[in-house]
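Shown next, in structure tokens, is the structure this report addresses.
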Amino acid sequence: MNPVINDNTATYEVGGRTVCVQAQGKVIRIFEAGSVIDPLVKLNFSPEEFSLQDIISVDDALRVVIKNDRGVVYSDYTGDATVYDHEKDFSLAALEGHKVEAERVHFKTQINIALGANDKIYGLGDKAAGLDRRGYKYVQWNTDDPSQHNESYKSLYKSINYVLVSGDNGFYGIFYPDPHRVTFDLGAYKPDLMYIGSENGNYDYFILLGDSPQEITREFSRLVGMPFLPRLKMLGNQQSRWSYGTQDEVEKLVDDFTSRGIPLDYVHLDIDYMDGYRVYTVDENKFPNIKGLTKKLAARGVELVTILDPAVKYDENYSVYKAMADENAFATQNGEIYHNTVWPGDSVYPNYFDDKAAELVTDMTVEFMDRTGVTGIWCDMNEPASFNGPLPDDVMFGEYPHSRIHNLYGDYMVRAVARAFDKKNMRPYVITRACFATSSPFTTVWNGDNQSLWAHLRASLPQIATMNICGFPFDGVDVGGFGGECNKELLIRWTQANIFSPFFRNHSAVHTRDQEPFAFDEQTTKICKKFLRLRYELIPYLYDRAFEAHLYGDPIIRPMFYEYPTDEKCSRISDQIMIGDSLMLAPILDQGASARAVYFPKGEWRDWFNCIKKRGNALYAVDIPLDATGLYMRGDSIIPMYSRLTNLSKKPSALVVRLGGAPASYTSYEDDGVSVDGKYNIYKMKYADGVFSIKTVKRDYDTDYRMIRIVCGRKSVIVPFSYELKVKI
Ligand code: GLC
């Protein structure tokens, strides 16, 4: 059917129904005439003059088909996609203790997409599943449930309604921007059908095209907003526990790290630092001089991050409650302030969707940071969670019912908190548990309450890699596991497996044993220290990745298929990851194992530790004893490094560059690691014909580098750093 094209919109009309198509580059919006994307969802989409009629067709049954130069890449489902209502009486099963949920399949909108036999489906954020999520059904409804997450767990903390599909004719992305409860069935109900069902949303979604996963990921990031640029220090090691309870305990903790030479940049204070769990307060019995503490720690290169929950204690004598109640800044039900129970007991919920309420939160955060010297804010329980399950649908956040804003609550909380950093002229250090697809410009994320289980260690790799291809490069999980009892071997293997996780934090729950790197024995301390030091050596490489994540939306941690999209073997590998395009990590993920199979994609690889070469396109059995991990450098890569550091408060003056083989090229970025002035340098590094060179292609920052050491195999040359450099190796 030929569309009517009116400037930026193509319109297809059959039997009274009208489907419209718009595009911004290769981001295509398909929607029913009249649909408006919820204005609460902040997207960057300005459609261009429509010219895609050759690749998009809509047939008489209003089925959308999209072609690329290899054939059909995307097609609506042509079979019967009726989803039957499974609501039954499950009370008997519930009596036996089964956790039963009646299926809610009353969709207002159902988008049906055809799946080819070989299609793989990646995405949907933090689900505790393998990389390819085909065959499962997930419900996007931000949920706090600390029981044991696994691959069939339908809802976790985040709603990132985005999948990247790999098919015979290439890749495409799908993004559904509706904030209501949304079901993604990825071939669970019918193996050849992927459907998106929304209880309240419109027929209105995006298809993203591109020649590679990288192109599509970049487009997705442009649409939802580019990730923030972290402070250099945020790439450092972070230590947490629910809760380090007193000022002395925190000082002792930092001593325990520094006396052993274990790198550390941040300590997190969980809920017990507060006075009766009242947000923006500090318990002065436990922390008599928090400003003094932050000053003292800063002098040792360590800063503090404090937790911030949405729930405000209902207490008429509490200044935060009073100030917010005066501004009508809380959610309501039947016209009265809505109450529920969270950490402080009787609690009320800020309405971040109201500009005034959000501004109060911003200002209180600024005041709190000024008062305490804390430099990072950890936003938790913002699904929003309560001790009585999800909030009722009719709780109102201003004019918006809970059912509409639930999945956006974390997003709006982090926007309000991130503005505090803007006001202080600082790069944001916000970390959140709940979020929406549009939160990445403001916040770091972690994947919530995992457990000290080998299964959760295994899940961490695909979880972090998936978050990365979903536009959230700054992700990590609780290293060692949050709930349950960690043990020596698990902590060692977990530290090794997550050692390049952009956000690296060992965190554990109040009722579990201590799990700091030194909480077990000498051997554990030694091995964890060795790997944390390795991470610090590779900080310049990680920071370059963070820069490219910020500039282009590139993932830092990448699934194998992302780098090798035409290698079928890479399409399902969940237990190996790429860090950028040059390093491959294949850790041990099983109890008692000291060897594993490692797949090396095409090209030549070198073992990071002993430089032994491995030819690619092959599977090897590799010994990996307890004090080792599988880490490999692509043969033709250049890796910038620091030498020996225990914190990142002060940038080193020497850069080390490790060369794999020639010819190789690499782009490195440098700035002061903290400012928001946007000033940075770009260095183009090359290694060819026995010569290593640097050409500075953007220079608006006075470099901190004084010396550069170039290492190639056993050869090493030290020269003064220069913006234009040529060194024979
Ligand atoms: C939640 C968080 C966890 C935190 C705990 C206490 O369970 O996910 O990280 O330690 O609350 O604040």
Side-chain angles (χ1 to χ4, degrees), residues 125-128 142-149 153 155-158 238-245 249-250 253 266-283 286-287 304-313 340-345 347 349 374 376-390 409-410 413-414 417 429-435 439 443-453 456 459-460 463 467 475-486 494 498 501 503-516:
D126 59 350
K127 308 295 177 275
N142 294 355
T143 300
D144 167 33
D145 180 347
S147 53
Q148 196 178 315
H149 310 145
Y153 219 81
S155 305
L156 278 175
Y157 308 91
K158 303 173 180 62
Q238 321 212 8
Q239 182 62 48
S240 184
R241 177 153 177 88
W242 173 15
S243 292
Y244 295 122
E249 207 179 325
V250 173
L253 178 80
Y266 288 97
V267 170
H268 291 232
L269 297 188
D270 208 322
I271 47 176
D272 296 298
Y273 77 86
M274 290 181 267
D275 173 13
Y277 308 117
R278 287 171 182 81
V279 290
Y280 300 114
T281 67
V282 174
D283 183 331
K286 297 177 187 161
F287 291 87
L304 286 188
V305 176
T306 46
I307 202 166
L308 175 69
D309 295 308
V312 173
K313 186 176 176 68
N340 201 320
T341 314
V342 199
W343 307 116
S347 307
Y349 291 80
V374 158
I377 301 289
W378 167 17
C379 298
D380 190 25
M381 304 292 275
N382 49 359
E383 288 70 29
S386 88
F387 291 176
N388 302 303
Y409 196 70
M413 179 184 187
V414 299
V417 174
Y429 184 174
V430 183
I431 167 167
T432 190
R433 192 170 73 176
C435 66
S439 312
T443 189
T444 303
V445 280
W446 100 105
N447 293 356
D449 295 347
N450 62 358
Q451 299 198 12
S452 301
L453 297 169
H456 282 186
S460 69
Q463 267 185 321
M467 285 298 289
D475 180 47
V477 307
D478 287 343
V479 171
F482 173 71
E485 302 298 310
C486 192
W494 209 312
N498 285 191
S501 165
F503 173 66
F504 185 97
R505 181 184 73 167
N506 175 328
H507 177 53
S508 55
V510 65
H511 50 280
T512 65
R513 62 153 296 148
D514 291 348
Q515 71 180 39
E516 292 79 9

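In listed order, ligands and their atoms are each counted from 1.
- On a distance-only criterion, W446 and ligand 1 share no N/O pair closer than 3.5 Å.
- In the model, D272 has a side-chain atom that pairs as donor or acceptor with a side-chain atom of S243 under 3.5 Å.
- Geometrically, ligand 1 and W343 share no nitrogen or oxygen pair separated by less than 3.5 Å.
- Set against the non-hydrogen atoms of I307, the atoms of ligand 1 under 4.0 Å away are 12 (O).
- Against a heavy-atom cut-off of under 4.0 Å, R433 is close to the following atoms of ligand 1: 1 (C), 2 (C), 7 (O), 8 (O).
- Residue contacts with ligand 1, taken as heavy atom pairs separated by less than 4.0 Å, do not involve V510 at all.
- Counting only heavy atoms of the protein, atom 9 (O) of ligand 1 lies nearest to H507 NE2, 3.0 Å.
- Looking at L269, I271, D449, it is D449 that brings a heavy atom closest to atom 8 (O) of ligand 1.
- With hydrogens and angles left out, the side-chain atoms of S147 and Y153 include a donor and acceptor closer than 3.5 Å.
- Remark: ligand 1 and D270 share an N or O pair separated by less than 3.5 Å (distance only, no angle test).
- The protein atom (non-hydrogen) at minimum distance from atom 1 (C) of ligand 1 is D380 OD2, 3.1 Å.
- Of the protein's heavy atoms, W242 CE3, 3.8 Å lies nearest to atom 5 (C) of ligand 1.
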Test log, rule side chain to side chain contact (heavy atoms under 4.5 Å, CB included), inputs R505 and Y266: CA-CA 9 Å; R505 181 184 73 167; Y266 288 97; over 6 Å; no
The test is side chain to side chain contact (heavy atoms under 4.5 Å, CB included); show your working for R433 and W446 and say whether it passes. CA-CA 6 Å; R433 192 170 73 176; W446 100 105; 3.3 Å; yes
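- Looking at D126 and N447, their side chains never bring a donor and an acceptor atom within 3.5 Å of each other.
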Going through the distances and angles, do T281 and D275 end up as a side chain to side chain donor-acceptor pair (under 3.5 Å)? CA-CA 6 Å; T281 67; D275 173 13; 4.9 Å; no
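- There is no side-chain donor-acceptor pair under 3.5 Å between N450 and S460.
- No heavy atom of Y157 sits closer than 4.0 Å to any atom of ligand 1.
- Partner of H507 under the ring pair (Phe, Tyr, Trp, His ring centres under 6.0 Å) criterion, out of Y244, W378, W242: W378 alone.
- Residue W378 touches ligand 1 through its side chain alone, judged by heavy-atom distances below 4.0 Å.
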